[in-house]
Number of protein chains: 2
Amino acid sequence: MTATEEPTNGSSAKRKPGNSGATIYDIAKLAGVNPSTVSRALTTPGRINERTEAKIRAAATELNYRVNPFARALPTGRTKLIALMVANITNPVFFDVVRGAQEAATLAGYTLVIADSEESAEQEAIAANKIMPVVDGIALVTSRLEDEQIAALHAEKPVVTMNRVVQGVSSTIPDSVPGVDQLIAHLGSLGHKSIAYLSGPSSAWMNNHRWGLLLDAAVKVGMNIVEIGPNSPTLEAGKAALSRVRASGVTAVVAYNDLMAIGLLREAVANGVSVPGNLSVAGFDDIFGADFTSPGTTTVKTPLLELGRIVINRLIAEIEDPEATAVNAATGLVTTLVVRGSTGQPRQA
Amino acid sequence: MTATEEPTNGSSAKRKPGNSGATIYDIAKLAGVNPSTVSRALTTPGRINERTEAKIRAAATELNYRVNPFARALPTGRTKLIALMVANITNPVFFDVVRGAQEAATLAGYTLVIADSEESAEQEAIAANKIMPVVDGIALVTSRLEDEQIAALHAEKPVVTMNRVVQGVSSTIPDSVPGVDQLIAHLGSLGHKSIAYLSGPSSAWMNNHRWGLLLDAAVKVGMNIVEIGPNSPTLEAGKAALSRVRASGVTAVVAYNDLMAIGLLREAVANGVSVPGNLSVAGFDDIFGADFTSPGTTTVKTPLLELGRIVINRLIAEIEDPEATAVNAATGLVTTLVVRGSTGQPRQA
DNA sequence: TTGATTTTGTCAATCGGTTGCCAAATAAAG
DNA sequence: CTTTATTTGGCAACCGATTGACAAAATCAA
């Protein structure tokens, strides 16, 4: 390619304006019936005579008809679009959530629109308001919004949350207790007496949740635990936390998520701090790449794919039954500890 | 979930059906003007008397008016939605592309809809057809479709591609030559005489493109090169290729992408094949996690974020100017070699 | 003051479906 | 062979905005 833009062909294909497809009126004409009959045949199977319907379907196929979702949305107010709000599309933790959500949405005949809040409550509010009129409902994953803001959205359209509990709003939360208990037991059995929680954003409900569970579990087994943070949930923040972690004198660190754990782990190794000899590191979620590190990252695995599926299915259920009451779903989804090389006996424990 | 769903509160908020907001008719009533005047005031600044417009805007604000995108889309045929088709949303190579695309779309006032083709031409065709009526245009990233299919989409709405060249369709392609030349020079200087290309899917244009460039570059410096594949572009495929790679007798492998390179690298290390001592490994793209491996993965870095931005900007340009002719954009975007530990001198070179 | 221009705002048609209401056609019952 | 019940299909209003055509009002010129 050259410095100047180079046309790959001379003429740009001419294109009909607007939706280029056939309408129900075209079908009606072809099939010799009224447009309303076409509409009924296509949307309410059984309402129309079998033979007529067959004729209409044939005409529709012949004309390569596709309904115009906007024309349909106008009278019905339903678009078959749903939004998935994530904190940061480039955070690998969302990959599997997005995939699960995609699957569930597609399966149910919905199209997923992904919105990115860029880790900011303001951006999240803006994005949510922008997308609201277009979608039938919205799934908030790891929302940073205030409870009141979520309630306000909920008053307009169906809203469900994941990794966040808001009164009156359906939520999908994995059961973190098993994983946390296993992790604390694991660290205890290795001989750790004093550990730290490298916390994430204070506005993240899940951050406080994990901290609370760790605290309980540690106290129960007589282990000391301190919180270091809050921090942003990134590789860089994990990296930057090394000095504070060392200063604290703990022998093991549990980070809010794998990104932070990996950042910390790599920074430690790079600075000659042996992992797990001098410092054990663990994270949450088991994201892509957590097993690439040396040593591999011990982590509390979250069933992200299933969570994505469940949150969307719950949302669709509420869209299709406005009378549905809010529920906490997914309580059957448990986390489990995945032990890799980043946790081990503390030197001279 | 426990056996029974557990309500988090008793009453589900009642919600008005349809779009709950005010309409231009409400504004018109409040401001004492005709609805069409409201429409003009809001969409064609200057067309309406300044004082009238101010009054209308005040009323709109007071009623918390938001335009109904569907009602607008019906007469105009424009939705301000654009689709980004990716081969697999969980492939980290798309993270940065998606992020760049998001940024560009948001900046221009568009909303991005991400569609996933699941690495399949059939799924891609289905997804594209489904999303077409809803969006103003579509960006195909690493499309698996036939040229004719892409042309057919292009005849309907603006279409741009990334990492794919189709006659008459605007494309965004990074300049892979510098990175490939650097890579071959790097391997040559280390003493490699015979290398392999671990190829990706044969339907991926970029796979053939990279293979062609590598072939040229290798031949130019008198290096032997063989193709191993095609393979699916995954960690697993990279892993599975180890035996064939070893059998080929080459001292270095360049994989179609980092996922494959990482899979191969990790499998080699796990099987006692020293990297880079017995085998040098390199990939393409520099995805998230490529630096986590031990040794780190040498790779030809692609400016994915910029590519995402550019492809969307190009698409928007074509949406807003239907007369625009197809161009190859991104002519300034070059790839560069990132050397990490996975490439080195072959033992007894 | 009158006529010519320009500005401002109204009317009404339109986009492509959906749906309540009703009449015609058909089937079942008497 | 009516009468009644049930299908089936057509008519027309409606969802909320946009826009061409045009009339009314305001501005300017002479």
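Letters A, B, ... are given to chains in the order of the sequence lines, protein chains preceding strands, and every chain is numbered from 1. All values derive from a computational prediction rather than experimental measurement.
Within the structure, a side-chain polar atom (N or O) of B:Thr37 is placed less than 4.0 Å from OP1 or OP2 of C:dT10. The side chain of B:Thr52 contributes an N or O atom lying less than 4.0 Å from OP1 or OP2 of C:dG9. For C:dG9, neither phosphate oxygen OP1 nor OP2 lies less than 4.0 angstrom from any side-chain nitrogen or oxygen of B:Ser36.
As judged by a 4.0 angstrom heavy-atom cut-off over every strand, A:Ser39 is placed among the base-contacting residues. A:Tyr25 comes within contact range of at least one nucleobase, with a heavy-atom separation under 4.0 Å.
Regarding B:Arg40, its CZ atom lies at a distance of 10 Å from the C1' atom of C:dC11, rounded to whole Å. Summarising the geometry, the separation between CD1 on B:Ile27 and P on D:dT18 is reported as 11 Å, rounded to the nearest angstrom. Remark: P of D:dA25 and CZ of B:Arg51 are 17 Å apart, rounded to the nearest angstrom. Here the P atom of nucleotide C:dC15 and the CG atom of B:Asn68 are 18 Å apart, to the nearest Å. Between the CG atom of B:Asn49 and the C1' atom of C:dT8 there is a distance of 7 Å, rounded to whole Å. In this structure, A:Glu53 places its CD atom 10 Å from P of D:dT8, rounding to the nearest Å. Following rounding to the nearest Å, A:Arg66 (CZ) and C:dC15 (C1') show an atom-to-atom distance of 17 Å. We find that CG of B:Asn34 is positioned 17 Å from C1' of C:dT7, with the value rounded to whole Å.
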>> side chain to side chain contact (heavy atoms under 4.5 Å, CB included) for B:Thr79 and B:Arg72? Distances and angles first, verdict last.
In response: CA-CA 8 Å; B:Thr79 67; B:Arg72 170 174 285 174; over 6 Å; no
>> Please evaluate residues B:Met162 and B:Ile173 with respect to the criterion side chain to side chain contact (heavy atoms under 4.5 Å, CB included), reporting the C-alpha separation (whole Å), side-chain torsions for both, the decisive distance (0.1 Å), and the verdict.
In response: CA-CA 6 Å; B:Met162 174 177 144; B:Ile173 315 277; over 6 Å; no
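Between B:Asn163 and the options B:Val311, B:Val93, B:Thr142, a side chain to side chain contact (heavy atoms under 4.5 Å, CB included) holds for only B:Thr142.
A side-chain donor-acceptor contact under 3.5 Å links B:Thr61 to the backbone of B:Arg57.
Looking only at side-chain heavy atoms (C-beta outward), B:Tyr110 and B:Ile319 come within less than 4.5 Å of each other.
Each of A:Ala71 and B:Arg47 was matched to the nucleotide of DNA chain C holding its nearest heavy atom; the match closer to the 5' end belongs to B:Arg47.
Minimum atom distance to the side chain of A:Thr43 is reached by C:dT18, of the listed D:dG16, C:dT18, D:dA21. Of the candidates D:dC11, C:dT8, C:dG17, C:dG17 carries the atom nearest the A:Ile24 side chain, counting heavy atoms from C-beta on. Between C:dG17, D:dA17, D:dC11, one nucleotide has an atom nearer to the side chain of B:Val67 than all others, and that is D:dA17. The side chain of A:Leu74 lies closest to D:dC15 when the candidates are D:dC15, D:dA17, D:dG10.
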